[in-house]
Structures are given as C-alpha cells and as structure tokens.
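For reference, the structure discussed in these notes is given below.
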Amino acid sequence: MTPTISGDDTDTFPIITDAGAVAAPVSESVPHQWQIGDILAGRFVLQQRLGRRRYGPVFKALDRVLSEPLLGVEHHVALEELPPRIAEQTTLIERLEQLRLHPQSWSHPNIAKVLEFGRDGAKYFVCEQLLEGASLRVVLEASAPDALEEHEVLGIVRYVGDALNYAHAKGIVHGDLQLDNVFVTEAYEVKLTGFLPSTEPRPDPVFVEDRSTAGQPHPSDDVYGLACLAYELLTRRHPYDGNTPLEALRAGLTAHPALNLSPPRWQALSRGLALRREQRTPTIAEFLMGLGVTGVETLR
C-alpha cells in the first residue's frame, strides 16, 4: 500500500494515512480509548501494551507501511499515547512537528530513536524505535537477591549521563528518570526511553521548587533522577522509599549510605540525592566527575 499525507486547515501538521485503509470514523472531540487491534493513522496496528510512561501508555505496534507481508517481514515500533492537554500546547506541537520533519536533529546512541510524531482522531502520539532487551527494572529483578556490581552501575550511569548531557545541551530535561525507562539491549547498549524532545511543565508538583516555578523542569532534576537510579541499582531500594522529593521533605526522610561505595563516591552520590536544588550537584557533568566516571566505562 502507498502511504499518503493528508491535512486540512484545522490541522497543525499533516496526518499520516493509508490510501487503502478503511477505518471507522473517530470523534475529534471525544478521544478514543486505545485497544489492542486498533489501527492508528491507518498505519500502526496495536499489538501489545508494554507499560506506561510519564505521558501515557506505550504499545508495541506493527508498522504496516514498513512491513512486507509477502516476504514475511514485519516492522515493529513503540507508540506512546500523549494526553489531551498536549493539543493545547501550541509551542510544544510546533517543536514536535519540527521533530517529525527533521528526526535526525534529535539523535544520540544512548537515546531510543524517536521516529515520528502524529495524530489519530483527537489523540497525538510519538513513534519510537522498539528496543530488544530488558529494562533496568527487569535486569535488577533478574539479579535478585544481589544488587549490581559497582562497575556495572558506573557503566550504566555513564551512558545515561551522556544521553542527559546531550539533551541538556539542547535545552531539554527528561524529568522522569526511573528503572522502567532505561533499557539494556541484547547488544549491551544502554538506551534512555520516554524522552519526548520538548520540556513540558509538570501537572503535579514533584520537587519543592515546582510550586514557585510552575512545575518547569530543571536540569538538576535529572541529576537527582540519575542519582536515584544509581542508588537503586546499588542497594535494590529507592533512597526515599519511592516518595517524591517533595513528599520526602515533608516526611523528613534521609537516604541511608550505600555501604558498598567508597566514602568519596558516596559523598558524590548523596549530593546528587539532595532534595533541594540549592543543595544538589547542579549539572550531570559535575555529578559524573564526582562519582569518578571517566567516560570509558562499559557493560559486559
């Protein structure tokens, strides 16, 4: 089938459709709840729900345009559903449209490749490469009851840190680092997912500063996220029992030392875990330097 691009004056960008597809009409005012088997934009067939990220659920989907049924070749992608409020963010839509036109402008070996931005009916979505491997949560569960070795953790921190440095240089904050959105591929590559190349204010406060900055993410928020990631890989527990920095401050929680780290490395990690930005290591580069990450660490 030959893909076509269609649009009208009410659309901010063209919608990908399939000239040969016959789809039931979707209401523009009432978003359709995605279900397994749905065909989005006349192209993507939802096959499996993979989980949920900051913006919405993520599905494994068959890309009918890039698949070759006669040859038995199937091409799969990951689709993240974006919330309805995205449609109201004019600047955000414009930035995502630029991504659709120039995907190569957002490319890093440790960031899952964003392939496309589109819409189906009243819903927007981001199309991302489907990774073969396991999330860090699965890796950690598989290693139970042991935590990961220090050299393995430093390798992961190095790669995720490189991805964050790249994003911060472009003025983008991830803001939602957790074990579920860092993948280790079958080739031992580390890939950061859930990285929408635009910074949107948080709808609910996570850091104490969110109340005075209207929830606008800050680069040091990713320092905190990376520090929590490292702590959980080293100790098998969250430094603040899964609470947000705001909740941890209210409860007076403190992070217990990671006993398997040398004192200098623990001091660097604890500065990254500071609940207030004014007390936290300000940049990813300084955090990595404090941990003694040299840039040559690898996974094996």
Side-chain angles (χ1 to χ4, degrees), residues 44 46-54 58-63 65-68 71-80 99 102-116 126-144 146-170 172 174 176-197 222 225-234 236 284-285 287-288 291-300:
F44 302 104
L46 301 186
Q47 294 185 328
Q48 178 186 353
R49 179 166 174 152
L50 300 176
R52 185 176 182 85
R53 296 180 187 161
R54 169 177 40 181
V58 181
F59 292 83
K60 175 182 178 180
L62 173 70
D63 185 343
V65 170
L66 297 183
S67 297
E68 295 285 352
L71 300 177
V73 176
E74 293 188 343
H75 184 82
H76 295 91
V77 296
L79 294 186
E80 180 177 2
L99 169 68
H102 306 286
Q104 70 279 3
S105 67
W106 183 261
S107 179
H108 187 277
N110 299 118
I111 296 178
K113 187 177 295 183
V114 179
L115 304 174
E116 199 168 306
V126 170
C127 176
E128 192 175 87
Q129 73 176 125
L130 184 69
L131 299 173
E132 298 294 337
S135 71
L136 284 185
R137 188 169 303 281
V138 173
V139 170
L140 194 59
E141 289 173 352
S143 71
D146 300 321
L148 299 188
E149 296 289 338
E150 183 176 311
H151 71 87
E152 294 176 313
V153 175
L154 292 179
I156 292 168
V157 168
R158 172 251 172 132
Y159 288 124
V160 177
D162 285 349
L164 293 172
N165 274 328
Y166 173 84
H168 292 178
K170 287 179 169 285
I172 305 300
H174 188 285
D176 189 38
L177 279 177
Q178 51 182 292
L179 296 178
D180 294 299
N181 52 36
V182 178
F183 261 70
V184 178
T185 71
E186 294 176 349
Y188 290 93
E189 299 170 313
V190 176
K191 300 278 188 178
L192 183 55
T193 68
F195 218 143
L196 192 64
D222 282 344
L226 186 56
C228 285
L229 197 79
Y231 187 95
E232 199 161 354
L233 292 174
L234 287 165
R236 301 190 61 83
I284 292 292
F287 176 70
L288 296 178
L291 280 181
V293 174
T294 62
V296 299
E297 291 79 5
T298 60
L299 292 185
R300 57 181 185 270

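No experiment lies behind these values; they were computed from the predicted model shown.
A donor-acceptor pair under 3.5 Å is absent between the side-chain atoms of Tyr166 and the main chain of Gly161, judged by distance alone. For Asp63 (side chain) and Val77 (main-chain N/O), no donor-acceptor pair under 3.5 Å exists by modelled atom type. Of the possible polar contacts, one joining the Asn110 side chain to the Val190 backbone as a donor-acceptor pair under 3.5 Å is found.
Partners of Phe59 under the ring pair (Phe, Tyr, Trp, His ring centres under 6.0 Å) rule, at least two apart in sequence or in another chain, are Trp34.
Ser143 and Arg236 share a donor-acceptor pair across their side chains, judged by distance under 3.5 Å alone. A donor atom on one side chain and an acceptor atom on the other are not found under 3.5 Å apart for Glu68 and His75. Donor-acceptor pairing under 3.5 Å is recorded for the side chains of His168 and Asp222.
You'll find the side chain of Thr193 stays beyond 4.5 Å of the side chain of Val182, heavy atoms only. Looking at Arg158 and Thr298, their side chains come closer than 4.5 Å, going by heavy atoms from C-beta outward. Between Val157 and Leu229 the shortest side-chain heavy-atom distance does not fall below 4.5 Å. Considering only heavy atoms from C-beta on, Glu232 comes within 4.5 Å of Arg137 through its side chain. The closest side-chain heavy-atom distance from His174 to Leu192 is below 4.5 Å.
No salt bridge links Arg52 with Glu80; every basic N to acidic carboxylate O contact stays at or beyond 4.0 Å.
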- When you look at Gln47 and His76, which way does the side-chain contact (heavy atoms from CB on, under 4.5 Å) test go after all the steps? CA-CA 9 Å; Gln47 294 185 328; His76 295 91; 3.0 Å; yes
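Summarising the geometry, atom OG belonging to Ser135 is positioned 16.0 Å from atom NZ belonging to Lys191; distances are rounded to the nearest 0.5 Å. Distance check, rounded to the nearest 0.5 Å: CD of Glu149 to CG of Leu233 gives 12.5 Å. Within the model, atoms CG of Asp162 and CD of Glu297 stand 9.5 Å from one another, a figure rounded to the nearest 0.5 Å. To the nearest 0.5 Å, atoms CG (Asn165) and CG (Leu288) are separated by 6.5 Å. Considering CG of Leu50 and CG of Leu130, their distance stands at 6.5 Å, rounded to 0.5 Å. Separation of atoms CG (Leu177) and SG (Cys228) is listed at 9.0 Å; rounding is to 0.5 Å.
A side chain to side chain contact (heavy atoms under 4.5 Å, CB included) with Val126 is found for one member of Val58, Leu115, Val114 and no other, namely Val114.
When all heavy atoms are compared, the tightest approach of Ala147 to Leu234 is CB-O, 3.1 Å. Scanning all heavy atoms of the two residues, the minimum distance from Phe44 to Ala61 falls at CB-CB, 4.1 Å. Here the shortest heavy-atom pairing between Lys113 and Gln129 reads N-OE1, 2.7 Å.
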